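Take a look at the structure below.
Note that the structure is a prediction, hence the values are computed from the model and not measured. Below, chains carry the letters A, B, ... as their sequence lines are ordered, and counting in each starts from 1.
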Amino acid sequence: MTAANSLIVLDFETTGLSPDQGDRAIEIAAVKLQRGQVVDEFQALMNPGRRVNSFIESYTGISNEMLSSAAPCEQVMGEFYQFIGDTPLLAHNASFDMKFLNGEFARIGLSCNSPALCSLLTARRLLPDAPNHKLGTLVDYLGIDHDGQYHRALFDAQMTAQVWLAMLEQIEQAYPDVTPSIELMMALAKRPKKQVPAWLDKQSVVRV
DNA sequence: TGCCAGGCCCTCTTTAGGGCCTT
């Protein structure tokens, strides 16, 4: 990651899978990366205004009691909007998190203009031999030390950041002439999977 | 009671279907 690059790695916990079906965010967390280091964090539970079902309570460990004393979504998302500014974003399966980010922002008249990177799509291209590309599997596959609870937003954001940094390191080791800038990583995620090694080789040649 | 999303990717594809990921 170049010195000029900053990235905000975010993760939502939600009441379900689809904001279009009425699902809401119940927790948002993010870590800010600069020069390959975590330099800032954001974490907040938020009250969606209704009870969450027992599956979500069990899956996330976030109870209705915890949410009853949390700030409303509108307040938390306003604070999060200030936190991210126009920094590029990253999430594991970004299409999911961006749906909720855009949905919650829209409720308070805000919109997000930041580009979004996806560690899931990137991992499918860079780590084709991983058993699967779930976040927890990638953490183990890459040998990342961890001590925390999956399916809580801050821990998942922290692990996503570490997976991302490990993938950047692999590119830098395998392709010494390639700088894995945000622009390059966004382009990489759009390459057909089978073309990725040759494509990265080509980036190297171009840069030399 | 039963059902529930959507984007991406792969292939025995493209006039489609199904698996992977996220909560």
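When the C1' atom is used for both B/dA16 and B/dC12, the distance is 12 Å, rounded to whole Å. One P atom belongs to B/dC4, the other to B/dG18, and the distance between them is 14 Å to the nearest Å. The separation of B/dG17 from B/dT13, taken at their C1' atoms, amounts to 9 Å, rounded to a whole angstrom. Between the P atoms of B/dT11 and B/dT23, the separation comes to 26 Å (whole Å).
When the C1' atom of B/dG6 is taken as reference, atom CG of A/D23 falls 13 Å away, rounded to whole Å. The separation between A/N93 atom CG and B/dG19 atom C1' is 13 Å, rounded to whole Å. In this structure, A/D20 atom CG and B/dT23 atom P are separated by 18 Å, rounded to whole Å. Between the CG atom of A/L120 and the C1' atom of B/dG6 there is a distance of 13 Å, rounded to whole Å. B/dC21 atom P lies 13 Å from atom NE2 of A/H151, rounded to whole Å. Here B/dT23 presents its P atom at 18 Å from CZ of A/R24, a figure rounded to the nearest Å. When rounded to the nearest whole Å, the span between NZ of A/K99 and P of B/dC21 equals 16 Å. The CZ-P distance, from A/F96 to B/dA5, rounds to 14 Å in whole Å.
OP1 or OP2 of B/dC21 sits under 4.0 Å from a side-chain N or O of A/H133. An OP1 or OP2 oxygen of B/dT11 is reached within less than 4.0 angstrom by a side-chain nitrogen or oxygen of A/K194. Proximity of A/H92 to the phosphate of B/dC21: no side-chain N or O atom is located under 4.0 Å from OP1 or OP2.
As judged by a 4.0 angstrom heavy-atom cut-off over every strand, A/D97 is placed among residues making no nucleic acid contact. Counting any heavy atom pair closer than 4.0 Å across all strands shown, A/I56 reaches a base atom. At the heavy-atom level, A/I26 lies nowhere under 4.0 Å from the strands shown. No contact: A/A25 has no heavy atom under 4.0 Å from any strand. A/D11 comes within contact range of the sugar-phosphate backbone alone, with a heavy-atom separation under 4.0 Å but no base atom that close. Nucleic acid contact class of A/T60 (heavy atoms, under 4.0 Å, all strands): sugar-phosphate only. Within 4.0 Å (heavy atoms only), A/F100 reaches no atom of the nucleic acid at all. Among the protein residues, A/N53 comes within range of no part of the nucleic acid, since none of its heavy atoms lies under 4.0 Å from any strand.
Donor-acceptor pairing under 3.5 Å is lacking for the side chains of A/D86 and A/S114. Looking only at atom types and distance, the side chain of A/Q158 has no donor-acceptor partner in the side chain of A/Q162 under 3.5 Å away.
The aromatic rings of A/F100 and A/F12 are tilted relative to each other, their planes meeting at an angle between 30° and 60°.
Residue whose closest nucleotide on DNA chain B sits further toward the 5' end, between A/Q21 and A/L121: A/Q21. Residue A/R191 is the one, among A/R191 and A/R124, whose nearest nucleotide of DNA chain B lies closer to the 5' end (criterion: closest heavy atom).
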ask   = Does the salt bridge (Lys or Arg N to Asp or Glu O under 4.0 Å) test come out yes or no for A/R24 and A/E74, once each step is laid out?
value = CA-CA 11 Å; A/R24 299 294 304 273; A/E74 293 75 12; 3.7 Å; yes

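Between the side chain of A/D40 and the main chain of A/K32, no donor-acceptor pair closer than 3.5 Å is present.
Among A/L120, A/D140, A/T160, the single residue meeting the side chain to side chain contact (heavy atoms under 4.5 Å, CB included) criterion with A/L135 is A/T160.
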